[in-house]
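So that the names make sense, note that chain A is the first sequence line, chain B the second, and so on, each numbered from 1. None of the values given here were measured: they were computed from a predicted structure.
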Number of protein chains: 2
Amino acid sequence: MTVQSQIAEPAASLHQRIRADIEARILSGDWPPGHRIPFEHELMAQYGCARMTVNKAIASLVAAGLVERRRRAGSFVAQPRLHSAMLHIPDIPIEVAARGEAYSYVLLGRRRRLANEKDPVDFSEQSETREVLELSCLHSANGRPLALEERLISLASVPEAAEADFAATPPGSWLLRHVPWTEAEHRIRAVGANARAAEALRVPRGAACLSLERRTWRGGETVTYVRQFFRGDAYDLVARFSPQG
Amino acid sequence: MTVQSQIAEPAASLHQRIRADIEARILSGDWPPGHRIPFEHELMAQYGCARMTVNKAIASLVAAGLVERRRRAGSFVAQPRLHSAMLHIPDIPIEVAARGEAYSYVLLGRRRRLANEKDPVDFSEQSETREVLELSCLHSANGRPLALEERLISLASVPEAAEADFAATPPGSWLLRHVPWTEAEHRIRAVGANARAAEALRVPRGAACLSLERRTWRGGETVTYVRQFFRGDAYDLVARFSPQG
DNA sequence: CCGCCGGATATGTATAGACATTAGCGTGAG
DNA sequence: CTCACGCTAATGTCTATACATATCCGGCGG
């Protein structure tokens, strides 16, 4: 439990400040999923305010899905939800299993190197080392190639990744479980298979593939960049959503 | 202003009931965007409760993006936001214009007919008539074909569509502006261009295209089904999002 | 006719207290 | 030792009140 040393934005109202303080603790990983946040009466004492004020702050965190409350037990940091109602970050093994198919996976390459200008993401902002882990792997369902994945992981953001066994666990699944993220961007395109993808996916060159690029941030820091080529005939992305969050 | 004749769910708490009542008025179109909802003191009187209770109800509608409040002026139904922070329903003319390109559009076909079993959506649940408007059109940017669109509009849900001039306004843009929706589902795939798409988009057969299928509902009722084939080399979908709405 | 100013008004925030509800936990009975 | 029961601590809801703050609107003066 670290000292309350957050940047402490000049939030307008007290309940916003309380909310921001708690949110910062959660997003920083200081309070991991499952952690019990202080009781209302403790926060009341800490901030010297009425319970309604604390309640309003926590209620907005509940609305945002960051916190879950249980009577008598307390309020807890929610488990990160892999499925947002919107377009989510798919965990391929889980998706394949959900369709009742057998998932398999091969690690094709693993290299530790310095980031350079040709990389599709700029890792240099965040650290001088700029070390990245470059991985490539192939996901299959029922023995049939499904997706070729090429990934960069920032070792400045995720030093533990250097020791992870990506021959056993796909890097996407590992990251979803070990690294909280605050923002992501998908870029989805249809492309013809290049030589490398054609060979890995066992399709003719030029066959339609779905290219899914994703950048993921934690705070302002790039965590990972991934590009996945899916066989066009074997995968589709589905997103169900409403006009307002 | 219709009589309060909603289904009136057995909501647990008073502020939830107030919220649900207002939400129902908004989603039904009874209170259109821009409409001023009753003042807090009016709702207080109507429900015989304290202002904090009304306030809590309206605050949750603000959080959901359904309502905007202005001091001294009152609370208003928010304009539907075309861009949610997530994957939104793209309005192609606007997207093309935003890239600084010249948008053009041709209506290729328009037919009024009965829905049948071969349609990718089941329109039969909602009405006996099952009449649909079948449209096809081509979107271009700088004179270059961008997307071939095939669409079904339920005339039971949107009778006004029968009179709309889809030679002048693309059906997607018209619908976004005229019909509120409560839920949508995207299905995104990479496919090789079929004969029809190849000709319209002026690409070789089998060239990679992004297929975007979308079903849109209002309440439980299907409003429209659309399938768009984008040239793979001319379009990509971008979605930026956070773990929780 | 235009612009400035002040009051009225609706929302924004916060308080202190009250009662309801639920579920964790310890205790006592079997 | 185990199970059931009841106490109690936590959240859930609501009230009545207070003051702060932004802004629309009308009126007054130039």
Could you run through nucleotides 8-14 of chain D and give me one letter per nucleotide, 5' to 3': B if any protein heavy atom sits under 4.0 Å from the base, S if only the sugar-phosphate is that close, - if neither?
-> BBBBBBB

How many Å lie between CD on A:Glu68 and P on C:dA23, as a whole number?
-> 14 Å

A:Tyr235 and A:Glu95 side chains, donor-acceptor separation under 3.5 Å | yes

When you check the side-chain N and O atoms of B:His186 and B:Glu213, is any donor under 3.5 Å from an acceptor?
-> no

Nearest-Å distance for atom pair CZ/C1', residues A:Arg17 and C:dT13 | 14 Å

Mind checking what makes salt bridge (charged side-chain N to carboxylate O under 4.0 Å, His left out) contact with A:Arg215, not counting sequence neighbours?
-> none

Let me check something: any side-chain donor-acceptor pairs from residues 162-169 of chain A under 3.5 Å, sequence neighbours excluded? List them with distances.
| unit_1 | atom_1 | unit_2 | atom_2 | d |
| --- | --- | --- | --- | --- |
| A:Asp165 | OD1 | A:Ala167 | N | 3.1 |

Among side-chain atoms of B:Tyr47 and B:Asp21, is any donor-acceptor pair under 3.5 angstrom?
-> yes

